[in-house]
Amino acid sequence: MPRHFVDLFSLEPQLANRLIDRALVLKRRPPGERPLLLQGRCLGLLFEKPSMRTRVSFEAAITRLGGSAIFLRGDDVGLGVRESVVDFARVISQYVDALAVRTYSHKTVEDLAGAASVPIINALSDAAHPCQAMADLMTIRELRGSLAGKRLVFVGDGNNVARSLAVGSALLGVQFMLTCPTGYAFPQEFLARYTAAFPGSPPALEHDPRAAVAGADVVYTDVWASMGQEHEAESRRSDFASFQVNDTLMSLAAKDAIFLHCLPARRGEEVVSAVLDGPQSQVIPQAANRLHFQVALLEWLLAGETSLGDRS
Ligand code: CP
Ligand code: NVA
């Protein structure tokens with residue numbers, strides 16, 4: 001059975017920590033000293049939605065490890081239309097050594113993982129963005145030295161990014177809180193999986209953004225309307241109007257709080273330029289860590305445990 005990276009529910013806390021350790025080690029290595037553990041290996045990328053960071057960072061990551069990438073547009077493949085998900089998964093497994101998939105339905109990623117004989121990586125689905133969340137947690141650890149006990153407040157929709165951050169936070173001891181308008185909290189199905197994985201309390205929820213952000217170590221936001229929700233953009237703009245991350249909201253967080261955003265951002269909506277470009281913003285190092293985390297992830301998926309043992 002190949003390893004997969006479909007969502008963070010199936011990740012052990014110890015492995016999550018080791019992947020971050022390894023990503024930080026590899027990040028510091030000068031170009032001539034990086035291990036080319038994946039020479040001759042090929043990563044497929046199947047994207048049904050637009051992307052900049054995820055596509056480029058995955059292509060750069062496999063190149064850095066000595067391998068190569070093949071990009072496939074969702075329309076060309078026609079998953080479930082031109083051929084079944086299972087037929088596609090079985091055939092693509094003959095050509096590539098791993099497949100990163102960006103799709104609408106999370107079930108598509110699960111079905112691919114069920115049928116493929118090579119690792120399947122979730123490069124964003126409507127329900128999860130695990131590569132993003134792990135790179136974000138890596139960024140917080142890199143900047144703050146540790147994760148345990150840090151308070152991360154996600155201001156906005158209970159979307160794919162927020163859900164993966166909630167799970168990653170639970171794995172790594174970060175205190176996660178979602179602050180959103182009524183009607184935009186985590187769906188029941190997610191909460192059921194979360195409470196099964198982490199018995200006790202569900203992720204903290206607060207409908208007053210000011211109360212939520214008070215004393216936070218990390219303030220995180222994302223677009224109000226995700227890809228596929230463009231038709232709701234207008235109503236969401238009015239529903240989320242009081243959830244904009246601006247100087248007033250940031251001033252309530254801890255003095256040394258950092259601001260994160262997965263990007264792309266809609267300036268003037270969920271965040272103002274003064275915050276996005278301001279001294280607390282770490283969005284560029286955060287985006288850089290997509291590459292470094294994914295190098296460690298590809299190593300683990302394709303080169304096995306040995307890669308994680310090397311901390312030098
Ligand atoms: N953050 C992120 O996944 O960006 P892209 O949509 O550009 O890949
Ligand atoms: N929540 C956003 C994230 C984009 C990286 C979306 O799904 O469109």
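Numbering of ligands and ligand atoms starts at 1, following listing order.
- Contacts between R102 and ligand 1, counted as non-hydrogen atom pairs separated by less than 4.0 Å, involve the side chain only.
- In summary, the side chains of R141 and S146 do not present any donor paired with an acceptor at a separation below 3.5 Å, with no hydrogens or angles considered.
- Of the protein's non-hydrogen atoms, the one nearest atom 7 (O) of ligand 1 is M52 N, 2.7 Å.
- Taking the six-membered ring wherever Trp is involved, the centroid distance between the rings of Y184 and F240 falls below 6.0 Å.
- Using a 4.0 Å heavy-atom cutoff, L124 is absent from the residues neighbouring ligand 1.
- Side-chain contact, H261 with Q286: no donor N or O sits under 3.5 Å from an acceptor N or O.
- Between D222 and ligand 2, at least one N/O pair is under 3.5 Å apart.
- For the 3.5 Å distance criterion, the side chains of Q14 and R18 fail to qualify, holding no donor opposite an acceptor.
- Both tests hold for R55 against F71: distance to the six-membered ring centre under 6.0 Å, angle to the ring axis within 45°.
- The closest approach between a heavy atom of H129 and any atom of ligand 1 is below 4.0 Å.
- Separation of the F190 and F9 ring centroids falls under the 6.0 Å cut-off.
- Distances shorter than 4.0 angstrom occur between a heavy atom of L263 and an atom of ligand 2.
- Within ligand 1, counting atoms from 1 as listed, the ones closer than 4.0 Å to a heavy atom of R290 are 1 (N), 2 (C), 3 (O).
- Any N or O atom pair closer than 3.5 Å counts here, and S226 shares at least one such pair with ligand 2.
- For ligand 2, the atoms lying closer than 4.0 Å to a non-hydrogen atom of N159 are 1 (N).
- Using modelled atom types, no side-chain atom of D217 and backbone atom of A257 make a donor-acceptor pair closer than 3.5 Å.
- In terms of protein heavy atoms, atom 4 (O) of ligand 1 is closest to R53 NE, 2.8 Å.
- Near L124, the atoms of ligand 2 lying under 4.0 angstrom from a non-hydrogen atom of the residue are 3 (C), 4 (C), 5 (C), 7 (O).
- There is no side-chain donor-acceptor pair under 3.5 Å between D111 and T108.
- Some N or O of N160 is nearer than 3.5 Å to an N or O of ligand 2, by distance alone.
- The nearest heavy-atom contact from the protein to atom 8 (O) of ligand 2 is M227 N, 2.8 Å.
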